[in-house]
Protein chains: 2
Amino acid sequence: MDETAPQKGTVTQRAIEQIKAFIAEGRLEPGERLPTERDLAVQLGISRSSMREAIRALTVLGVLEARHGSGIYVTQLEAGDLLETFGVVADLSRGPALVELLQVRRILESTATALAAARITPDQLAEVEKHLLAMNATDDPEEILAHDLAFHREIAAAAGNDTMAAILEGLSSRTFRARVWRGYQEEGAFERTRREHAAIHRALVSRDPEAARAAAAAHVGEVEEWLRAQLGV
Amino acid sequence: MDETAPQKGTVTQRAIEQIKAFIAEGRLEPGERLPTERDLAVQLGISRSSMREAIRALTVLGVLEARHGSGIYVTQLEAGDLLETFGVVADLSRGPALVELLQVRRILESTATALAAARITPDQLAEVEKHLLAMNATDDPEEILAHDLAFHREIAAAAGNDTMAAILEGLSSRTFRARVWRGYQEEGAFERTRREHAAIHRALVSRDPEAARAAAAAHVGEVEEWLRAQLGV
DNA sequence: CCGTCAAGGTGGTCGGACCACTACGGCCGA
DNA sequence: TCGGCCGTAGTGGTCCGACCACCTTGACGG
């Protein structure tokens with residue numbers, strides 16, 4: 001009567017939970033190398049195929065990292081590693097969920113911008129300014145979008161909360177913004193966007209958190225309202 | 001000269017991207033059934049093993065759902081489906097990242113509570129009250145935690161943004177709160193927590209968004225500050 | 001008309017084989 | 001002695017074929 005496994009769920013799912021538990025309990029440190037797929041499979045009493053599926057699952061979640069020919073390693077478990085999958089949500093959401101995502105972004109982005117106004121360093125401010133100018137100097141939509149993303153990314157980084165920055169990164173993922181912006185900018189919103197970015201920049205220069213919060217909220221809110229109208233909500 | 005695949009990355013990774021693209025392009029509707037693993041493997045020109053890894057990856061991301069003996073289906077792609085993995089972040093984060101997560105939760109929770117104060121229905125309010133009373137009527141930490149979670153979950157639901165509610169759900173995942181609360185409540189914070197919950201409830205009854213925002217922010221902020229002190233930050 | 005049950009189809013698991021790549025260490029030449 | 005080259009062992013990546021567990025369907029018999 002070997003009372004080892006409760007036999008709940010698929011073996012792969014169990015393997016995923018066990019490896020996660022190993023990490024949560026500190027038996028596997030960030031950056032540490034795991035045993036080989038073959039050894040792990042033997043240890044957990046499952047086939048290599050099932051073990052590979054478990055590893056693949058944890059890989060896409062940003063928990064593990066497989067290096068061909070070298071081995072499997074635990075990631076640093078930092079915000080960027082684990083929240084990378086957040087972009088999938090933004091990419092696959094549609095309809096009302098897009099508005100909800102923008103609402104979340106408005107809340108976080110406004111707070112992040114307010115924090116940045118109080119904490120931003122001259123170097124970081126210069127970087128923000130660089131993207132602001134570059135954005136105004138071109139008419140290529142692709143380039144504008146790239147600098148727009150970088151503009152907000154720098155601000156989020158200056159807020160000093162890597163987790164929040166990683167979430168915002170996901171909420172602003174390239175395909176997500178491309179989908180929304182395509183329609184938004186067709187209505188000649190370029191000039192308005194430039195004005196709003198300038199307002200955010202001014203608030204940062206003035207180190208005025210409240211002005212920064214308001215400017216950022218208004219900026220995202222504009223897009224949010226436009227999208228809401230588009231969907232007829 | 002068969003110019004089909006660019007041969008970048010692993011075949012499994014490519015399969016993941018292709019299926020994701022199918023869904024993003026609308027070629028696969030939410031709830032729709034996919035071809036069998038065997039057929040999909042043939043269509044994409046890969047082995048069933050690799051295809052299974054791709055499917056498993058999309059399953060843990062909440063994009064697909066495999067039903068043994070029946071087939072593979074696209075989920076409804078709702079907030080709850082896709083943001084379930086968010087709990088993994090909370091479960092595996094440690095140290096400073098925990099404080100950052102609580103900070104994000106403070107921002108979202110305070111806004112959600114403010115929204116709830118303006119929109120909550122009598123039925124929902126009664127539900128909130130039920131958990132408030134149940135929480136005060138017992139001394140079992142496990143039960144208190146359960147009602148605490150439900151208390152905030154009901155409020156988040158009343159805010160009317162499913163996406164935000166799903167994120168907050170992840171940020172309050174059972175193991176995450178258990179880890180933090182274990183230490184927090186050992187310092188006799190029960191009474192303080194009860195007072196704070198009562199304050200949130202009063203603000204909801206008064207339909208006072210600003211009071212609700214302040215009460216919720218203070219509530220989460222208390223834990224945040226305690227954790228910050230614990231980590232010596 | 002409805003419950004029963006058998007068969008086919010589906011995902012789940014397994015084991016083994018081979019390929020592609022990396023890392024390491026010994027070998028050879030400078 | 002030193003440094004680069006290269007072979008080899010070991011790793012993850014891919015593929016195949018088989019079998020199992022489970023669900024769905026529809027024919028059958030009551």
Side-chain angles (χ1 to χ4, degrees), chain A residues 2 4-20 22-23 28-76 81, chain B residues 2 4-20 22-23 28-76 81:
Chain A
D2 195 356
T4 51
Q7 281 292 5
K8 59 179 175 183
T10 68
V11 289
T12 303
Q13 193 60 38
R14 248 182 297 160
I16 293 175
E17 298 299 332
Q18 291 194 40
I19 296 178
K20 256 177 32 180
F22 277 6
I23 299 174
L28 283 175
E29 293 294 323
E32 189 176 340
R33 184 175 179 281
L34 276 70
T36 69
E37 293 179 345
R38 294 162 174 87
D39 288 347
L40 274 176
V42 172
Q43 284 184 30
L44 300 189
I46 64 179
S47 73
R48 193 188 162 203
S49 311
S50 302
M51 178 54 67
R52 273 192 59 78
E53 288 186 24
I55 292 171
R56 172 72 64 176
L58 291 170
T59 297
V60 301
L61 289 179
V63 176
L64 298 183
E65 179 189 355
R67 300 182 204 158
H68 192 168
S70 172
I72 307 166
Y73 302 80
V74 182
T75 68
Q76 293 303 317
D81 299 323
Chain B
D2 195 353
T4 51
Q7 281 290 5
K8 59 179 174 182
T10 69
V11 288
T12 302
Q13 193 60 40
R14 247 182 299 157
I16 294 175
E17 299 299 333
Q18 291 194 41
I19 295 179
K20 256 178 31 181
F22 277 7
I23 297 175
L28 283 175
E29 293 295 323
E32 191 176 340
R33 183 176 180 282
L34 275 71
T36 69
E37 294 179 345
R38 294 161 175 88
D39 288 346
L40 274 175
V42 172
Q43 283 183 32
L44 300 188
I46 65 179
S47 73
R48 191 186 163 206
S49 312
S50 301
M51 178 54 68
R52 274 191 59 78
E53 287 187 24
I55 292 171
R56 171 73 63 177
L58 291 169
T59 297
V60 301
L61 289 179
V63 177
L64 298 182
E65 177 189 357
R67 301 181 203 158
H68 191 166
S70 172
I72 307 166
Y73 302 80
V74 182
T75 68
Q76 292 302 319
D81 300 324

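By convention in this document, chain letters (A, B, ...) are assigned in the order of the sequence lines, proteins followed by strands, and residues within each chain are numbered from 1.
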Handout entry: Which residues share a salt bridge (charged side-chain N to carboxylate O under 4.0 Å, His left out) with A:Glu32, sequence neighbours left out
Key = none
Practice task
Report the residues that fulfil side-chain hydrogen bond (donor to acceptor under 3.5 Å, both in side chains) with A:Ser50, sequence neighbours left out, ordered by chain and then residue number.
Solution key: A:Ser47
Exercise for the section: Could you tell me which residues satisfy side-chain hydrogen bond (donor to acceptor under 3.5 Å, both in side chains) with A:Glu17, sequence neighbours excluded, listed by chain and number? Expected result: A:Gln13
Problem - Rounded distance (nearest 0.5 Å) linking atom CG of B:Leu64 with atom CD1 of B:Ile16 - result: 10.0 Å
Exercise for the section: Output the distance between atom CG (A:Leu44) and atom CZ (A:Phe22), rounded to the nearest 0.5 Å. Expected result: 6.0 Å
When you compare the protein's N or O atoms with those of nucleotides 14-18 of chain C, which come within less than 3.5 Å of each other, and at what distance?
{"residue": "C:dC14", "atom": "OP2", "partner": "A:Ser47", "partner atom": "N", "Å": "3.0"}
{"residue": "C:dC14", "atom": "OP2", "partner": "A:Ser47", "partner atom": "OG", "Å": "3.3"}
{"residue": "C:dC14", "atom": "OP2", "partner": "A:Ser50", "partner atom": "OG", "Å": "3.1"}
{"residue": "C:dG15", "atom": "O6", "partner": "A:Ser49", "partner atom": "OG", "Å": "3.2"}
{"residue": "C:dA17", "atom": "N6", "partner": "A:Arg48", "partner atom": "NH1", "Å": "3.3"}

For residues 51-62 of chain A, run the donor-acceptor check on the side chains, cut-off 3.5 Å, and write out each pair with its distance to 0.1 Å, sequence neighbours left out.
{"residue": "A:Arg52", "atom": "NE", "partner": "B:Glu53", "partner atom": "OE2", "Å": "2.8"}
{"residue": "A:Arg52", "atom": "NH1", "partner": "A:Glu37", "partner atom": "OE1", "Å": "3.4"}
{"residue": "A:Arg52", "atom": "NH1", "partner": "A:Glu37", "partner atom": "OE2", "Å": "2.6"}
{"residue": "A:Arg52", "atom": "NH2", "partner": "B:Glu53", "partner atom": "OE1", "Å": "3.3"}
{"residue": "A:Arg52", "atom": "NH2", "partner": "B:Glu53", "partner atom": "OE2", "Å": "3.3"}
{"residue": "A:Glu53", "atom": "OE1", "partner": "B:Arg52", "partner atom": "NH2", "Å": "3.3"}
{"residue": "A:Glu53", "atom": "OE1", "partner": "B:Arg56", "partner atom": "NE", "Å": "3.1"}
{"residue": "A:Glu53", "atom": "OE1", "partner": "B:Arg56", "partner atom": "NH2", "Å": "3.3"}
{"residue": "A:Glu53", "atom": "OE2", "partner": "B:Arg52", "partner atom": "NE", "Å": "2.8"}
{"residue": "A:Glu53", "atom": "OE2", "partner": "B:Arg52", "partner atom": "NH2", "Å": "3.3"}
{"residue": "A:Arg56", "atom": "NE", "partner": "B:Glu53", "partner atom": "OE1", "Å": "3.1"}
{"residue": "A:Arg56", "atom": "NH2", "partner": "B:Glu53", "partner atom": "OE1", "Å": "3.3"}
{"residue": "A:Thr59", "atom": "OG1", "partner": "A:Ile55", "partner atom": "O", "Å": "2.7"}

Fill in the blank from the handout: Note: for A:Gly71 and B:Thr10 on DNA chain D, the residue whose nearest nucleotide lies more 5' is A:Gly71
Practice task
Report which part of the nucleic acid B:Ile72 touches: base, sugar-phosphate, or nothing (heavy-atom distance under 4.0 Å, all strands).
Solution key: sugar-phosphate
Report the distance from atom [atom1] of [X] to atom [atom2] of [N], rounded to the nearest whole Å.
{"X": "B:Arg52", "N": "D:dG17", "atom1": "CZ", "atom2": "C1'", "value": "15 Å"}
{"X": "A:Arg56", "N": "C:dT13", "atom1": "CZ", "atom2": "P", "value": "17 Å"}
{"X": "A:Gln13", "N": "C:dG11", "atom1": "CD", "atom2": "P", "value": "17 Å"}
{"X": "B:Asp39", "N": "C:dT10", "atom1": "CG", "atom2": "C1'", "value": "11 Å"}
{"X": "A:Glu37", "N": "C:dC19", "atom1": "CD", "atom2": "C1'", "value": "14 Å"}
{"X": "B:Glu53", "N": "D:dG13", "atom1": "CD", "atom2": "C1'", "value": "8 Å"}

All N/O pairs under 3.5 Å across the protein-nucleotides 24-27 of chain D interface:
none

Handout entry: Atom of B:Ala15, atom of B:Ile46 and distance for their closest heavy-atom approach
Key = CB-CD1, 3.9 Å
Exercise for the section: Hey, could you give me each pair passing side chain to side chain donor-acceptor pair (under 3.5 Å) that has a residue in residues 62-71 of chain A? Not counting sequence neighbours. Expected result: A:Ser70-A:Tyr73
